[in-house]
Amino acid sequence: MNIFEIYLKKINIILIDLNKKGLIELPKNKNSFNVEIPPVKFDSDISTNVAMVLSKINQKSPIEIAEIIETKIKDDSSVERIEIVKPGFINIKLKSSFWNEFLKNIISNKEKFGVNENEVKKKYLLEFVSANPTGPLHVGHCRGAILGDVISNILKFNKHTVTKEYYVNDYGNQIISFTKSVYFRIREILNNEKFPINKPDLYPGDYIIEIAKNIINENKNIEFKNFDEVSSKLSSLAIKQSLLLIKSNLKNLGIVHDNFQSETDLVNNNEVEKVIEKLKKKNFIYSGKIKAPMDEEKGNWVEREQLLFKSTEFGDDKDRPLQKSDKSWTYFASDVAYHNNKLSRNFDTMINILGADHAGYIKRITSSVEALSGEKNKLICKVSQLVKLIKDGKPFKMSKRKGDYITIEDLLKEVGKDATRFIMLNRSSDVELDFDFTKIKEKSKDNPLYYVQYCYARISSVFNHIGKKINDDINIKSYNFNFSAEETKILQKISQWPKCIELSINKLEPHRVPTYLYELSSIFHSYWNMGKDDETKRFISKDKNISDEKLVFLKAISNVIKTGMNLVGVNTPEKM
RNA sequence: GCGCCCUUAGCUCAGUUGGAUAGAGCAACGGUUUUCUAAACCGUGGGUCGGAGGUUCGAAUCCUUCAGGGCGCGCCA
């Protein structure tokens, strides 16, 4: 139940009616009409800008237009009072009967309140994480992982179908290095040969030792005598091991993918050749040369003829190579094949969540999807910016070369799943995020997670006092309450929940959910504390009773908090 | 050099897809606990929304331009 949508429709009907009577002119495009919450000082519930938008086309002042519209809005049975304000806003105060109906609706909808029933249901493919299968996930992967997971949760909440997919880059040079590293660790364990720690292309991390041990234990029959002989077998064993690690990291974060798509499989099934043929037929591929990047030292650059994709036709700054000099495919080539594969599975919309360091890649991959499908917004890429780790007030740097980076496992051990998810999601993904270890662990009030959870725990404690559980259904005989100013504030805030969901989806900005939950919690905490000064405002009276009205408010707030926290994927403890 | 992202209070950030006198938290200062959880609440101070132009009834939001910070720029993925 989105009250803003309801009133926008009502106003549109009124405008059409006034137009028929020749009282006002209407523009063709009504997109700039809106209905929203007015600032608190006006003591109104909803507000519309239509009079100002209509001013020009009608050659009348916004106030004059507003007065014409006002006469019609007055007829609506839910309207208590209308106020026309300065530039031309029409502010509407709704009758308490409307809000009573609203509350009744929320209580009966339970966790379904906020679902946009009118939205067309779509089939989404969401690709996220897709980190190289050469080791455990580290903090750098964490933000994108959570972002993707919560976007998926919200889409599903709105009854869309979502397939969560992980693209496994198990083809290419990094896999050869990784396999070699495992091989040397195996030799170290079995033959006591020292691991060549200074070789630059090897992975020094300790987790390689664990992988080596597991492979030795599970494959007693394999002899690790010659790298070239075992490399192909060993490679797949090692990848399998690191995927197990990655899956367990993700599971501990609360994330489970539906599908793992292997890059090697695509290559082996000749899907790259097929997609290149397809693009050749459409004339998007040619053999040519590209310019050196500006910061490349001149000596290192060898210009050569190579197979290129015409991404410049879609606005990219240069055409992109598909084949390396040894004739193997570039990462981009197999990724085009992967996206062709995605397209063949007929999703309405495909979303990729990328890290900031891959932002430069977006143009070419969306270009390829446009070339293949002919549709411009078939693939949407969302970038999550860097996470800056801060410990004891100082930035904490990780070094891949030393292998000393902080893994997701470390993170979860230190601050836990809930804090990690909530804090990582709490900021817009467009801005860098400070992740302050010490603050998050402090359980202080700087920590928005506790603030929201505390709200739920307080409500739960009231339910305990009256011998109920917070999840129990409540039976209200009749909804006929008069609301205080504080309660109206709560009602207004709750009425914005569907809008929050809608914006989170439309803009792929799920950080709006924790932000909203924080604001709602803040209003609740004020409401709670009113009982400190004024005993009549306490939830539970002296004779251990609770009024239906207060019960309804507690239930409504806790419903929204619970729903929201579920979307974020964190717990709502009943006691803290 | 080019592309993408960012710049809002001392610090970290929101800002309802262009609206009304720009909002939170932290930090600072002052107050609230015989009372449903003080992990909370209330109050005070703090702003040229990076700068300059433009678009219009109206700009933190859109466009142009400049400055500063971040990320990236063939055979890494």
Side-chain angles (χ1 to χ4, degrees), chain A residues 4 32 34 36-39 41-42 47 49 52-53 55-56 61-62 85-89 91 130-132 134 169 171-175 263 289-296 301-304 306 308 316-318 320-321 323-326 328 330-332 334-335 355-363 383 385-386 388 426-428 430-434 436 439 442-448 450-451 453-455 457-458 460-462 464-466 496 499-500 502-503 506-507 509 511-512 515-516 518-519 522 525-533 535 538-542 544 546 575-576:
Chain A
F4 305 99
S32 48
N34 68 34
E36 57 194 358
I37 294 253
K41 58 177 176 173
F42 288 110
S47 159
N49 67 347
M52 289 178 292
V53 177
S55 168
K56 197 169 191 182
S61 79
V85 189
K86 266 191 293 179
F89 288 100
N91 290 347
S130 298
N132 283 342
T134 54
N169 303 128
Y171 172 87
N173 291 328
Q174 87 284 359
I175 291 298
E263 182 180 2
K289 292 173 180 173
I290 52 167
K291 281 185 196 161
M294 282 307 283
D295 75 336
E296 185 74 35
W301 178 261
V302 182
E303 199 173 69
R304 69 180 184 89
Q306 55 190 353
L308 299 171
D316 201 1
D317 9 310
K318 51 178 122 178
R320 302 294 173 174
Q323 226 168 7
K324 302 179 192 173
S325 56
D326 66 358
S328 67
T330 59
Y331 172 79
F332 176 57
S334 49
D335 207 18
D357 52 342
H358 289 67
Y361 186 76
I362 293 175
K363 200 75 211 182
V383 171
Q385 291 298 324
L386 291 182
K388 284 189 284 184
N426 198 30
R427 299 291 181 219
S428 158
D430 286 337
V431 301
E432 289 188 10
L433 176 91
D434 285 352
D436 192 325
K439 270 193 184 170
E442 265 173 15
K443 298 198 175 185
S444 71
K445 51 188 165 180
D446 323 359
N447 190 333
Y450 291 107
Y451 190 81
Q453 286 181 329
Y454 189 43
C455 169
R458 275 182 152 176
S460 175
S461 89
V462 174
N464 284 338
H465 274 90
I466 56 168
Q496 290 173 65
K499 187 110 187 170
C500 173
E502 186 189 320
L503 283 167
N506 290 349
K507 300 177 116 178
E509 289 179 350
H511 74 279
R512 286 166 188 277
T515 303
Y516 173 90
Y518 186 88
E519 289 163 0
S522 168
H525 286 308
S526 295
Y527 189 43
W528 174 284
N529 275 280
M530 285 170 74
K532 297 264 176 206
D533 299 330
E535 211 164 298
R538 293 164 62 83
F539 296 106
I540 299 167
S541 61
K542 275 182 187 164
K544 302 275 174 201
I546 185 167
K575 267 187 187 169
M576 285 175 75

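Proteins come first, then strands; the chains are lettered A, B, ... in the order of their sequence lines, and each starts at number 1. Values below: every heavy atom of this structure, side chains too, minus hydrogens, waters and symmetry copies.
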I want to verify the glycosidic state of B/U34; is it syn or anti under the 90° rule?
anti

So what does A/Phe332 touch, heavy atoms closer than 4.0 Å: a base, only the sugar-phosphate, or nothing?
nothing

From the candidates B/C75, B/G70, B/U37, the one with an atom nearest any side-chain atom of A/Glu432 is B/G70

Side-chain N or O of A/Lys532 less than 4.0 angstrom from OP1 or OP2 on B/C41?
no

Tell me if the aromatic rings of A/Tyr361 and A/Tyr331 count as close, with their centers under 6.0 Å from one another.
yes

Fill in the dot-bracket string of RNA chain B, one character per base: . for unpaired, | for a pair to another strand, ( ) or [ ] for pairs within the strand, taking Watson-Crick or G-U pairs under 3.5 Å.
(((((((..((((.....[...)))).(((((.......))))).....(((((..]....))))))))))))....

Quick one: label A/Ala356 by what it contacts on the DNA or RNA (base, sugar-phosphate, nothing), any heavy atom closer than 4.0 Å.
sugar-phosphate

In whole Å, measure the gap between the C1' atoms of B/U55 and B/C75 for me.
47 Å

Presence of A/Thr515 side-chain N/O under 4.0 Å of B/A24 phosphate oxygens OP1/OP2
no

Please report the C-alpha distance between A/Glu36 and A/Lys499 in whole Å, then the side-chain angles of each, then the deciding distance to 0.1 Å, and finally whether the salt bridge (Lys or Arg N to Asp or Glu O under 4.0 Å) criterion is met.
CA-CA 10 Å; A/Glu36 57 194 358; A/Lys499 187 110 187 170; over 6 Å; no

Counting any heavy atom closer than 4.0 Å, what does A/Ser61 reach on the DNA or RNA strands: base, sugar-phosphate only, or nothing?
nothing

Given B/A38, B/C57, B/C41, identify the nucleotide with an atom nearest to the side chain of A/Met52.
B/C57

Can you find a donor-acceptor N/O pair under 3.5 angstrom joining the side chain of A/Thr330 to the base of B/A77?
no

With respect to the side chain of A/Val431, which nucleotide from B/A77, B/G74, B/A14 is positioned closest?
B/A14

Whole-Å P distance, B/C5 and B/C11:
25 Å

Distance check: side-chain N/O of A/Tyr451 vs OP1/OP2 of B/C41, anything under 4.0 Å?
yes

Using only heavy-atom distances, decide whether a donor-acceptor pair under 3.5 angstrom links the side-chain of A/His511 to the base of B/A14.
no

Sugar-phosphate, base or nothing in reach of A/Ser55, heavy atoms under 4.0 Å
nothing

Stacking check A/Phe89 vs B/A20 (5.5 Å / 30 deg):
yes

Using the C1' atom as the point on both nucleotides, what is the distance between B/C26 and B/G45, in whole Å?
15 Å

Shortest side-chain distance from A/Tyr454, nucleotide among B/A38, B/A14, B/G25:
B/A38

Determine the Euclidean distance between corresponding P atoms of B/G10 and B/U17; express it in Å to zero decimal places.
28 Å

Can you tell which of B/U17, B/A77, B/A24 lies closest to the side chain of A/Glu263?
B/A77

Which nucleotide in the set B/C26, B/C76, B/A40 lies at the smallest distance from any side-chain heavy atom of A/Lys439?
B/C26

Which of these nucleotides, B/C73, B/A20, B/C75, is closest to any side-chain atom of A/Lys318?
B/C73

Taking only the C1' atom of each, what is the distance from B/C71 to B/C76 in whole angstrom?
16 Å

Among the nucleotides B/G74, B/U37, B/C41, which one has an atom lying closest to any side-chain atom of A/Pro321?
B/G74

Taking for A/Asn49 and for A/Ser325 the nucleotide of RNA chain B with the nearest heavy atom, the one nearer the 5' end belongs to A/Asn49

OP1 or OP2 of B/U21 under 4.0 Å from side-chain N/O of A/Lys86
yes

Could you pick out which residue, A/Ile540 or A/Lys388, lies toward the 5' side of RNA chain B when each is mapped onto its nearest nucleotide?
A/Lys388

Side chain of A/His525 only, heavy atoms from C-beta on: which candidate in B/A40, B/G70, B/U35 is closest?
B/A40

Which nucleotide sits closest to the side chain of A/His465: B/C36, B/G70, B/A14?
B/C36

Looking for any heavy atom pair under 4.0 Å, which part of the strands does A/Lys56 touch: base, sugar-phosphate only, or nothing?
sugar-phosphate

Whole-Å C1' distance, B/C29 and B/U35
28 Å

Below 4.0 angstrom from OP1 or OP2 of B/U17, is there any side-chain N or O of A/Arg512?
no

Any donor-acceptor pair under 3.5 Å linking the side-chain atoms of A/Gln174 with those of A/Thr134?
no

